[in-house]
Peer 1: 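To start, I am sharing the structure in question, which I have written as structure tokens.
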Protein chains: 2
Amino acid sequence: MAIRRAGEPNRGGLALPGGFIHLDEDLETAARRELREETGLEVDYLEQVGTYGAPDRDPRARTFAVLYLAVLPNLPEGSTGKDADAIWMPVDELLAADLPFDHHQMLTDAIERARSKLEYTPIAASFCRPVFTIGDLRRVYEIVWGKHLNPANFQRKVQSVEGFVRETGDVVSEGRGRPAKTYTLGDVTTLHPPLRR
Amino acid sequence: MAIRRAGEPNRGGLALPGGFIHLDEDLETAARRELREETGLEVDYLEQVGTYGAPDRDPRARTFAVLYLAVLPNLPEGSTGKDADAIWMPVDELLAADLPFDHHQMLTDAIERARSKLEYTPIAASFCRPVFTIGDLRRVYEIVWGKHLNPANFQRKVQSVEGFVRETGDVVSEGRGRPAKTYTLGDVTTLHPPLRR
DNA sequence: TAAATAGTGTCTGTTAGACACTATCCG
DNA sequence: CGGATAGTGTCTAACAGACACTATTTA
């Protein structure tokens, strides 16, 4: 997600959302609040990626930025927010944009973190509806990792990870092709073994 | 490494080294400087682990701590430093100590980071002399990971990682047992495949 | 010689990927 | 029927751990 910058430098350009922490706030609480103010959304999952503190990273003042990766499976249509315009776009478009400060590096770091989260956690399922098919899950992996995965092998790999998914017993037909079995998310927080890229 | 605290809280107790960043300093530069001031040593390798900013983490004032992991292969004997007493000790002793603020959590996070560095990078070799044996290397892994490794399998595993180590052609006898071939560090920065724990 | 460490051979079970094949839908 | 997607079977190459065995030293 990006915002349109309201002030200089780069007024009107795109940037990563953010803001200043309050005196009585935790880092994660502040990240949640900023995202809520700029998108109106509550985030389920946040993860600290890193801290950026080069003396010249912001020409206006000495600042430190603590970068968080937020997982937001259900995006609203169009733009939202009150502080600034929240704009949803594919990451490669945002990477190609002219981002201010050290935001390009931040975005690169966050993308890498997101990709590796999919290997070790069942977080991809949160981008699917509560009841999903293995094909749904595979499409999330393919989008985030940016590469095609073999459906047959993916099928088995997911099912071999204990506690990743739980069969519902139902099947669903999604237009074309053989109807797929449906699953709900299991109860593990870490995938053993991980799904390697 | 720990220091003896000069001030309250927990005066005279152990704590992780640290200090305040200067206005014109990068985060990593500040970490290097603090370590130099407290130990007199130059560090070769630093890695940011995370940032800690709970509002009550320091009762004296609102602070943020950016934690760095430093790799210091050549420790001097005894204590060093001018600001405070630098004390070298095994991490489990330090973990068992009564550390102030959120330093226990920091230490836990840093240890986990160090362990995983050994899987993906040739950093363990920096704890050996420039010319070392596979046995030397194995002992570093055994200490950091805290478990015994099969010498035969470790041997092959290290040699199968392209660019990890380079044979010198010499052998060295270290007291007991058959003399070992010696190696120097290769030129890779990442191990493919990684040495799994 | 015994004990210790280095290094090789080899077996076994697991895994990853490739790909053929079957199953079941839609139009 | 053909095309699309789901799911299974199976083969192969790579890999990891266990462990027997050889090699070479010191005490």
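Just so we're on the same page: letters track the sequence lines, and every chain starts at 1. None of the values given here were measured: they were computed from a predicted structure.
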Peer 1: Once you round it to whole Å, what is the distance between P of dA18(C) and CZ of F154(A)?
Peer 2: 15 Å
Peer 1: Can a donor-acceptor pair be found, under 3.5 Å and without considering hydrogens, that links the side chain of R62(A) to the backbone of H22(B)?
Peer 2: yes
Peer 1: If you look only at pairs with a residue in residues 170-181 of chain B, which of them pass as a side-chain hydrogen bond (donor to acceptor under 3.5 Å, both in side chains), with sequence neighbours excluded?
Peer 2: none
Peer 1: Keeping to residues at least two apart or across chains, list the salt bridge (charged side-chain N to carboxylate O under 4.0 Å, His left out) pairs with something in residues 9-25 of chain B.
Peer 2: E8(B)-R11(B), E25(B)-R33(B)
Peer 1: Which residues satisfy the side chain to side chain donor-acceptor pair (under 3.5 Å) test with Y52(A), sequence neighbours excluded?
Peer 2: D109(A)
Peer 1: Under 4.0 Å from any atom of DNA chain D, heavy atoms only: list the residues of residues 117-138 of chain A that qualify, in numerical order.
Peer 2: G135(A), R138(A)
Peer 1: What side-chain donor-acceptor pairs closer than 3.5 Å can you find for residues 123-130 of chain B, not counting sequence neighbours?
Peer 2:
residue : atom : partner : partner atom : Å
S126(B) : OG   : I123(B) : O            : 2.6

Peer 1: Please encode protein proximity along nucleotides 8-17 of chain C as a string of B, S and -, counting only heavy-atom distances under 4.0 Å.
Peer 2: BBB------B
Peer 1: Any side-chain to backbone donor/acceptor pair from R113(A) onto Q48(A)? Under 3.5 Å, distance only.
Peer 2: yes
Peer 1: Is R176(B) near enough to dT26(D) that one of its side-chain N or O atoms lies under 4.0 angstrom from OP1 or OP2?
Peer 2: no
Peer 1: Taking the six-membered ring for Trp and the full ring for Phe, Tyr or His, determine whether the centres of F154(B) and Y141(B) are under 6.0 Å apart.
Peer 2: yes
Peer 1: Is there a donor-acceptor contact under 3.5 Å from the side chain of R32(A) to the main chain of V43(A)?
Peer 2: yes
